[in-house]
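To keep things clear, I will list the structure first and then write my remarks on it.
Convention: sequence-line order gives letters A, B, ...; per-chain numbering from 1.
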Amino acid sequence: MNPLQERYSEEIAQVLSKYPADQKRSAVMPLLYIAQREHGYVSREQFAQIAEILEISATDVAEILGFYTLYHDKPEGKYRLQVCNDLPCALRGADQFLEGVCDHLGVKPGGTTQDGLVTVEAVMCLAACHRAPMFQVQSSEGIAYHEDQTVESAARLVDNWRAREGE
Amino acid sequence: MNDILLRHRQIPNLDQLPIYRQNGGFEAFKRALTSMQPDEVTDLVKASGLRGRGGAGFPTGMKWSFIDKNVFPHYVVVNADESEPGTFKDREIMESNPFQFLEGVMLCAYAVRANEAYIYLRGEFWQLAAELDKHIEYLEREGLLGEKLFGTDYSLRLYTHLGAGAYICGEETALLESLEGKLGQPRLRPPFPPSFGLYGKPTIVNNVETLANVPMILEKGADWFRGFGTEKSPGTKVFSLSGNVAKPGNYELPLGTTFRELIFEHGGGIPNGRSIKAIMPAGASSSLIVADEKALDTPMDYESVPSVGAMLGSASVIVVDDSVNMAWLINKTMHFFQHESCGKCTPCREGTFWMRHLTERIEHGQARWEDVELLNEVASNVKGKCLCALGDFSTEAVMSSIQRFRHDFEIKVLSEAPVSVDIKVSNP
């Protein structure tokens, strides 16, 4: 048993039970989410561990990671604040909102705050066009939507994270 | 308002199983299993005239009848990858009326003799998937999912599967590839999923909204369903209204409702003293319609929207006011399609990249009229030359806006050669 399997044996077994026994490869996406949970990215070692569990190559795993935007292969902010600035949101001020959030945090889109806590990213449509400006937060706790936002409400959220870190 | 799919707006706590059952929930499923043959369910859906709500509008019952009856197992796969910019209807149905949706999935599975169904949700619907998992467990405990249901030999299991951020996975064969643990890239068709789908087995892929219609069709009959909408486009549709409109949101209305009624009556019109300039009826994949009187009076159904030069698609209506320059708008849509092109077909992969270069330059006033013509030419070389519709989709807004909003581009271009061009477009 490799470290990933050891640590999450029950959860991995449950994931594998969803798919036919000869189609284990289907579990690559859920396993990438499990691997990413702790540190916010999937390490090289974990590629090999997932590959071993699913009996595919580490390259196959890396290829899947690279194709999808919600998987990451390097450490960044603990919280990824992902602002949608696609067309429908942009018609409701999402570009100005993104700029405001970036200015407030002193970063550019794609950048991480100096304390390493927040990475701000511009992302594609999140199916919340009627409640723009909006963003999602990707972290070890999963993904949470924050809709009908202002720069002030986003700033308060970041302040709360910082307060929690300070405790 | 006709709330069929959005019944939760009338019935509080419909997302709780006991409340859903008090309102007739799962009676249709029980009746189908205990007193109807699978093909009878398919025939009833056929008779209702229900058409796929994911965008293509294909007759649902007909699709079900295409399932290969000589090869087993069969699968049902639900397309819950809702990713078209401007679309947010499936999310509301699954969040607030989840059991009607799940019952629809279960009826579809019974009709096509599948014992397993996968619900493929976009990765961003992480919390929603967790809720659905809880609902599925609840249904198992209540004996509505599992082995030998209602004393019959029929067994059924439902599973959720999370995507991870890829618009292309809304294309049904790319979705199947992704579910198999491969890159989400479209397959060459035929064969179509009803003969060669998930794991190479016969598979029916349907959209969330399509399936959420099915329990009510079983309960109230095909004629009742045909009482809404038009002859060729029966039923209601959840229209996602967004953009420059006072009250954006989901509106469930009969197919055939006019743009005017949706935008001005339900959506409250155009805010900030502006007037309406254009409509995109099918999200970012849509052609831009000039919002004149004729367009506003056009009924929103699968047959009528093409008469004003667009498609109904997933009915995600983006409203654009007169403050917007279309050169800016198509730069937004090209950014999206360049990012989301899966890279399998050269015309789409390369075409979206070069179109993005051109839209960036045009929007920033660093292009000449020849560049606008070049943009149109690149688009026409992408259109119709790819395995799936994404390539075509990337050209719709570009070509229609150059044709219909020419002035927006004329005022953006330079009369002389650009002095310096410093546009950085990264590969996705």
Side-chain angles (χ1 to χ4, degrees), chain A residues 14-15 17-20 22-33 36 50 54 56 60-61 63-72 82 84-95 110 122-132 134 136-138 141-145 147-148, chain B residues 73 82-91 116 118 122-127 130 157 159-167 169 178-185 198-199 240-244 247-250 280 283-284 316 318-321 324 328-329 332-333 335-336 339-340 342-343 397:
Chain A
Q14 208 212 336
V15 165
S17 73
K18 287 180 166 187
Y19 311 100
D22 60 346
Q23 301 289 351
K24 277 202 265 187
R25 186 182 178 140
S26 278
V28 65
M29 296 178 76
L31 260 55
L32 278 165
Y33 278 123
Q36 185 166 272
I50 293 171
L54 302 179
I56 55 179
D60 290 332
V61 179
E63 185 183 54
I64 297 296
L65 179 139
F67 188 83
Y68 298 97
T69 56
L70 289 174
Y71 300 129
H72 312 287
Q82 299 167 331
C84 172
N85 68 340
D86 237 329
L87 176 61
C89 280
L91 289 170
R92 305 183 72 79
D95 284 324
V123 297
M124 300 295 146
C125 186
L126 298 174
C129 323
H130 54 326
R131 295 175 191 150
M134 64 82 59
Q136 68 179 5
V137 176
Q138 193 184 10
E141 292 147 48
I143 292 170
Y145 274 37
E147 302 176 299
D148 292 321
Chain B
E82 182 161 64
S83 303
E84 179 67 45
T87 311
F88 42 87
K89 64 190 178 65
D90 295 339
R91 182 183 156 205
E116 284 175 312
Y118 291 94
R122 61 177 298 173
E124 292 82 354
F125 289 170
W126 187 87
Q127 286 178 324
R157 298 267 174 206
Y159 306 103
T160 59
H161 182 102
L162 269 183
Y167 170 74
C169 292
S178 177
L179 185 47
E180 290 182 3
K182 299 169 189 158
L183 293 187
Q185 292 185 319
L198 182 64
Y199 309 130
S240 293
L241 182 63
S242 69
N244 301 129
K247 293 188 281 180
N250 286 318
M280 300 178 86
S316 29
I318 304 175
V319 177
V320 182
D321 75 22
V324 176
W328 171 84
L329 187 147
K332 275 283 176 196
T333 63
H335 182 192
F336 176 78
H339 185 269
E340 299 299 340
C342 79

On a heavy-atom basis, the closest approach of A/Y68 and B/S178 is OH-OG, 2.8 Å
Is the shortest side-chain heavy-atom distance between A/L126 and B/R122 below 4.5 Å?
yes
Between A/A90, A/A132, A/C84, the one whose heavy-atom pairs under 4.5 Å with chain B are most numerous:
A/A90
Counting N and O atoms only, with roles assigned by atom type, does the side chain of B/Y199 sit under 3.5 Å from a partner on the main chain of A/D22, one being a donor and the other an acceptor?
no
Going by heavy atoms in the side chains, are A/H130 and B/L241 under 4.5 Å from each other?
no
Under 3.5 Å donor-acceptor, A/S26 side chain and B/L179 backbone:
yes
Counting heavy-atom pairs under 4.5 Å with chain A, the top scorer among B/P73, B/G86, B/A166 is B/G86
Passes side-chain contact (heavy atoms from CB on, under 4.5 Å), B/H339 versus A/T69? Steps please.
CA-CA 10 Å; B/H339 185 269; A/T69 56; 3.6 Å; yes
Sidechain-backbone polar pair: A/R92 side chain, B/N244 backbone, donor-acceptor under 3.5 Å
no
Which one wins on heavy-atom pair count under 4.5 Å against chain B: A/K24, A/E141, A/Q138?
A/E141
Ranked by heavy-atom pairs below 4.5 Å to chain A, first place among B/D321, B/D90, B/V319, B/T160 goes to B/T160
Closest contact, heavy atoms only, A/C129 versus B/S242
CB-CB, 3.8 Å
For A/P20 and B/Y118, the nearest pair of non-hydrogen atoms, with its separation, is CD-OH, 3.8 Å
Report yes or no: does B/K332 contribute a side-chain atom to a donor-acceptor pair with the main-chain N or O of A/N85 at less than 3.5 Å?
yes
Honestly, the part of B/S240 sitting under 4.5 Å from a heavy atom of chain A is neither
Taking only residues two or more places apart in sequence, or in another chain, which ones meet B/W126 in a side-chain contact (heavy atoms from CB on, under 4.5 Å)?
A/I143, B/L162
Enclosure of A/Q14 CD (heavy-atom neighbours >12, cutoff 6.0 Å):
no
Between B/K182 and chain A, with a heavy-atom cut-off of 4.5 Å, which part of the residue counts as in contact: side chain, backbone, both or neither?
both
Side chain from CB out, backbone as N, CA, C, O: work out which of these in A/A144 comes under 4.5 Å of a heavy atom of chain B, or both, or neither.
both
Would you mind telling me which of A/E63, A/M29, A/M124 has the largest number of heavy-atom pairs within less than 4.5 Å of chain B?
A/M124
Non-neighbouring partners of B/C342 that pass side-chain contact (heavy atoms from CB on, under 4.5 Å), sequence neighbours left out:
A/F67, B/I168, B/Q185, B/P186, B/K344
Which atom names give the shortest non-hydrogen contact between A/A127 and B/R91, and what distance separates them?
O-NH1, 2.8 Å
Most chain A-contacting option - heavy-atom pairs closer than 4.5 Å, from B/G181, B/G165, B/A164
B/A164
Go through the atoms of A/Q36 and report whether side chain, backbone, both or neither lie under 4.5 Å from a heavy atom of chain B.
neither
Considering all heavy atoms, the nearest A/L91-B/V320 contact:
CD1-CG2, 4.4 Å
Between B/S83 and chain A, which part of the residue has a heavy atom less than 4.5 Å away: side chain, backbone, both or neither?
backbone
If you define the side chain from C-beta out and look only at heavy atoms, does anything of A/L87 sit under 4.5 Å from B/W328?
yes
Less than 4.5 Å apart, side chain to side chain, heavy atoms only: is that true for A/Q23 and B/L198?
no
Select one option (side chain, backbone, both, neither) describing which atoms of B/F336 are under 4.5 Å from chain A's heavy atoms.
both
Can you label the angle between the A/Y19 ring and the B/H161 ring as parallel, tilted or perpendicular, going by 30° and 60°?
perpendicular
Write down the atom of A/D86, the atom of B/P85, and the distance for their closest heavy-atom approach.
OD2-CG, 3.9 Å
Honestly, the part of A/Q136 sitting under 4.5 Å from a heavy atom of chain B is side chain
